[in-house]
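What follows is a single structure, written as structure tokens, with notes after it.
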Amino acid sequence: MNKSALRRTLSATAVAGGTAALMMAGLAGASAHVSADPNKTAANSYALVTFGIPHGCDTSGTTKVAISLPEELNDAQPTVNPNWTVEKVTETLAEPKKLDDGTSITKRTSQIVYTAKAPLDPHLRDALVLSVKLPDAAGKTLYFPTLQTCEQGQTDWSEIAKEGQDPHDLKAPAPSVTVTPAVAEGDHHAATAVSTEQASAVTSDDGSQARSWAGLIAGIAGLGLGGAAFFRSRAAKPAAVKADSSK
């Protein structure tokens, strides 16, 4: 194998290895905080919001997750998870709140509390799902401050970026969902656009994780192919020498 070919093989191998390393770093970062992934974001729609529960407080297992609802929401329907018990916490409003149908309420669900039947291993993840009716507030970002309690310690995921602040600089950002414009009935083009946006938004843990793993596997595959090409070239050289000596 000549030096030029060897350099190309080693360069390709190095790039593949570097890509794999970056993918691994990305996966670690993506799974480091509580995420909120909605299956819908259109105003006035009913959405299933999946909260990804990451590692515990350092090396301590998670025992309780309390998800606070933004004031724009009046209620949430928790999905049963066999690993947790769940309860709703209500609050009395300072004054009655009038709903779109003309009725009024004096209480609202302010928090959903999941309690682990056994501490969640800090090396494992779990998902808690809430069904909510999104408000008629396109462009509004709804924040769900979440308190993660562990066998030892707590992590309060409640930080909200201030104007001009990069959300990625926050150590414990609150999970959030941004409401998009409502889809007009029969507007199939708009529905497709919203569906595409939702597919891109489901990240955290799930969609982005899958894409990251796919990229990682591709990088490792490239690494293997580069090594295979190198050994095939090495194996081909002795065969050529033997053919010449037989003349």
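All values derive from a computational prediction rather than experimental measurement. Counting begins at 1 with the first residue of the sequence.
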(message) I'd like to check Thr41 versus Thr180 (side-chain heavy atoms, cut-off strictly below 4.5 Å). Are they in contact?
(response) yes
(request) Compare every heavy atom of Leu142 with every heavy atom of Pro135, then report the nearest pair and how far apart it is. (result) CD-CD1, 3.8 Å
(message) Any non-hydrogen side-chain atom of Lys140 less than 4.5 Å from a side-chain atom of Thr178?
(response) no
(request) Measure the spacing between CG of Asn74 and CD of Glu71 and express it to the nearest 0.5 Å. (result) 10.5 Å
(request) Start with the C-alpha distance between Ile105 and Leu99, add both sets of side-chain angles, then the distance that settles side chain to side chain contact (heavy atoms under 4.5 Å, CB included), and finish with yes or no. (result) CA-CA 8 Å; Ile105 58 174; Leu99 304 180; 3.8 Å; yes
(request) Return the minimal non-hydrogen interatomic distance between Ser68 and Gln111, and the atom names on each side. (result) OG-NE2, 3.2 Å
(request) Please indicate whether Lys107 has more than 12 foreign heavy atoms, meaning atoms of other residues, nucleotides or ligands, lying under 6.0 Å from its NZ. (result) no
(request) Return yes if some donor-acceptor pair links the side-chain N/O of Ser60 with the main-chain N/O of Cys57 below 3.5 Å, else return no. (result) no
(request) Please say which of Leu73, Thr90, Val89 ends up in a side-chain contact (heavy atoms from CB on, under 4.5 Å) with Ser110. (result) Val89
(message) Please say yes or no: joined through hydrophobic side-chain contacts below 4.5 Å, possibly via intermediate residues, are Val86 and Phe51 part of one cluster?
(response) yes
(request) Answer whether the closest heavy-atom distance between the side chains of Val113 and Thr115 falls below 4.5 Å. (result) yes
(request) Indicate whether the side chain of Thr141 and that of Ser176 have a donor and an acceptor atom separated by less than 3.5 Å. (result) no
(message) side chain to side chain contact (heavy atoms under 4.5 Å, CB included), that's the test. Do Thr85 and Lys117 meet it? Break it down for me.
(response) CA-CA 7 Å; Thr85 58; Lys117 295 179 180 179; 4.1 Å; yes
(request) Please report the closest heavy-atom contact between Val177 and Ala36, naming both atoms and the distance. (result) CG2-CB, 4.2 Å
(request) Answer whether the closest heavy-atom distance between the side chains of Gln148 and Trp157 falls below 4.5 Å. (result) yes
(request) Please report the shortest heavy-atom distance between Leu69 and Leu130, naming the atom on each side. (result) CD2-CD1, 4.2 Å
Donor-acceptor contacts under 3.5 Å from residues 164-175 side chains, at least two apart:
| unit_1 | atom_1 | unit_2 | atom_2 | d |
| --- | --- | --- | --- | --- |
| Gln165 | OE1 | Lys162 | N | 3.0 |
| Asp166 | OD1 | His168 | N | 3.0 |
| Asp166 | OD1 | His168 | ND1 | 3.0 |

(message) Please check: side-chain N/O of Lys64 versus main-chain N/O of Cys150, any donor-acceptor pairing under 3.5 Å?
(response) no
(request) State which residues pass side-chain hydrogen bond (donor to acceptor under 3.5 Å, both in side chains) with Asn44; sequence neighbours excluded, sorted by chain then number. (result) none
(message) Just so I know, are the side chains of His123 and His55 near enough to count as touching, which here means a heavy-atom distance under 4.5 Å?
(response) no
(request) Evaluate side chain to side chain donor-acceptor pair (under 3.5 Å) for Asp156 paired with Ser158, printing each intermediate quantity in order. (result) CA-CA 6 Å; Asp156 188 6; Ser158 62; 3.2 Å; yes
(request) Quickly, which of Thr62, Thr63, Asp126 forms a side-chain hydrogen bond (donor to acceptor under 3.5 Å, both in side chains) with Trp84? Name it, please. (result) Asp126
(message) Strictly distance-based, threshold 3.5 Å: is any side-chain N or O of Asp121 a donor or acceptor partner for the main-chain N or O of Gly61?
(response) no
(request) Locate the shortest heavy-atom distance separating Ile112 from Ala76; write the atom from each residue and the value. (result) CD1-O, 4.0 Å
(request) Give the minimum heavy-atom separation between Pro122 and Asp58, together with the two atoms involved. (result) CB-O, 4.0 Å
(message) According to salt bridge (Lys or Arg N to Asp or Glu O under 4.0 Å), does anything in residues 77-102 pair up with another residue at least two apart or in another chain? List the pairs.
(response) Asp75-Lys88, Glu91-Arg108
(message) Any heavy-atom pair between the side chains of Ile53 and Leu128 that's under 4.5 Å?
(response) yes
(request) Give a yes or no on whether Leu48 and Phe144 share a hydrophobic cluster (residues Ile, Leu, Val, Met, Phe, Trp, Tyr; joining criterion: side-chain heavy atoms under 4.5 Å apart). (result) no
